[in-house]
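In what follows, a structure is listed as structure tokens, so that the remarks can point back to it.
What you are looking at is a predicted structure, and each value in this text was computed from that prediction instead of being measured. In each ligand, atom 1 is the first atom listed, and ligand 1 is the first ligand listed. For reference, positions follow the sequence shown, starting with 1.
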Amino acid sequence: MAEPGQGDGPWWRKAVIYEIYVRSFQDGNGDGVGDLAGVLSRVDYLAALGVDAVWLTPFYPSPMADFGYDVSDYRDVDPLFGTLADFDRLVAALGARGIRVIVDFVPNHTSDRHPWFVESRASRDSPRRDWYVWRDPAPDGGPPNNWRAQPDGPAWTFDAATGQYYLHSFLDRQPDLNWRNPAVRAAMFDALRFWLDRGVAGVRVDVLDRLLKDERFRDDPPNPDWREGDPDFMRLRTVHSADQPEILDLVADMRAVLAEYPGERVLIGEIYQPVETLVRFYGRALEAVHLPFNFNLMWLVWIPEGVRLLAERYEAGLPPGAWPSWVLGNHDQSRVASRFGERQARVAMLALLTLRGTPTIYQGDELGLADTPIPPGRERDPFARAGPAQGRDKVRTPMPWDGSRHAGFSAAEPWLPVGEANAARHALGQEAGPASFLSFTRAALALRRREKALALGDWRGISARDGVLVYERRLGGDVLLVALNMRGTPGRVRLDGPADMLLSTEGPAALRAAPADFELRPDEGVVLRPRAAGPG
Ligand code: NOJ
């Protein structure tokens with residue numbers, strides 16, 4: 001039970017994390033692509049928003065086959081994004097505003113242009129051959145087994161010069177490293193230290209559950225839930241190509257590298273799993289992932305009963321002492337406002353910021369940005385080849401900052417279109433309006449900072465009916481209630497007594513008295529402080 005007098009624990013428990021997709025945040029040098037200098041020019045926006053940490057997507061040297069998730073040097077900055085000096089300046093400027101920097105660590109695969117892979121591929125006798133996963137062809141000359149890559153096709157590519165296949169869980173230009181080789185571990189842990197030495201507060205580890213594969217390379221079984229139209233790579237259950245139990249020992253070693261540094265550096269894992277299996281990644285003695293990203297809100301049927309049940313299953317499954325995580329959007333998934341509509345997206349944002357745990361906000365969700373249709377011929381994401389639904393460009397379009405050309409993102413034509421609808425939602429315009437999405441998000445973040453119960457208190461579902469979800473956050477004797485109307489029609493809230501309304505998704509003008517029985521507007525969420533004792 002959370003008590004107010006206890007220490008607050010590590011900084012990342014109270015923190016709100018903000019994902020910056022660097023290519024699309026702000027262009028600083030006029031080439032149409034976002035960069036570190038661009039982020040630097042927007043640190044005051046981040047400070048005014050009120051986030052505690054930013055996660056920067058990969059800015060390392062890369063041929064950009066997967067827009068930076070194909071790293072060719074783990075210890076530098078790609079010239080497209082700037083220099084190491086730009087990075088240091090950014091860390092300092094954010095630090096001066098109390099904002100920490102989390103970097104993306106991409107350990108599962110490198111670029112095929114990484115010198116390690118070039119050397120590995122050169123010959124079967126190369127000292128780095130075993131740094132990647134090479135196998136002989138099957139007896140019929142085909143791939144060694146049935147594993148599939150994302151977005152589609154076999155996870156193996158034949159290298160004619162050396163007569164073997166190499167493994168790639170993603171594009172053929174992203175060969176998987178062999179994490180069973182101690183030399184790979186040592187080299188990658190050193191890469192991690194390189195950034196920790198530069199003052200980063202932690203890492204977000206890309207596809208963490210994929211690092212180890214079945215040692216016997218057995219075929220993955222079919223996925224009985226796969227339906228026509230589902231992504232090709234979901235045809236199989238990745239029981240052998242990913243998610244091996246030994247991963248926890250490997251992650252514990254990675255955690256130990258972070259523990260060499262002071263200041264409670266955080267280890268966040270990108271793991272797409274249901275809460276029941278996700279919670280294993282905390283490790284047996286909470287020695288593995290600090291925050292396994294919990295993406296499960298994203299696919300939920302958005303009804304009060306669904307959110308309540310998910311939160312209850314999650315809370316029940318967390319090992320004692322483990323801290324929850326919540327995510328609603330990122331650079332790979334459809335925008336919240338496109339899934340729910342702009343009004344309901346505010347309710348979802350309030351849920352994200354008031355469920356128990358560390359929330360991660362994707363850039364632009366605080367403006368209510370929607371998916372942007374990409375005109376034919378302007379697609380950039382290689383995943384689009386697997387079908388338009390899989391293309392991720394629509395969620396990676398540039399941030400709209402003001403009403404000027406290219407929405408203030410760049411002086412040049414941006415690498416992806418800003419999109420008319422998103423251009424109209426620019427930050428400058430929203431700053432002026434007290435009832436805007438941005439003003440609401442800022443107010444919610446400020447309230448979370450002020451009211452410790454929202455950040456650290458226990459969570460308990462109170463009621464889920466008629467489209468309205470009510471839950472409480474409790475820290476010692478301090479109780480706050482959150483009521484979310486998840487429908488586009490008015491909804492009733494019944495409490496044990498009257499309450500003061502501290503926040504509404506509709507803005508300060510909507511704040512009103514909340515008697516024991518009151519009505520929420522369509523798509524409205526509120527935070528309340530009960531006047532008497534909390535409901536029983
Ligand atoms: C997850 C990243 O978020 C995604 O953008 C990338 O394509 C894959 N991992 C491969 O690195």
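Geometric assessment of R210 against the ring of F170 yields a positive cation-pi assignment under the 6.0 Å and 45° thresholds. In this structure, R135 forms a cation-pi arrangement with F217, its terminal cationic atom sitting closer than 6.0 Å to the ring centre and no more than 45° off the ring axis. Under the 6.0 Å distance and 45° angle rule, R148 does not count as a cation-pi partner of F233.
In this model, no donor atom of one side chain and acceptor atom of the other lie less than 3.5 Å apart for W415 and S410. Between N178 and D130, the side chains place a donor N or O and an acceptor N or O closer than 3.5 Å (distance only, hydrogens not considered).
At a threshold of 4.0 Å, the pair R204-D206 counts as salt-bridged, since one of the basic side-chain nitrogens sits closer than that to a carboxylate oxygen.
Among protein residues, D66, Y69, H109, F170, R204, D206, V207, E270, H331, D332, R392, R396 come within 4.0 Å of ligand 1, judged on heavy atoms.
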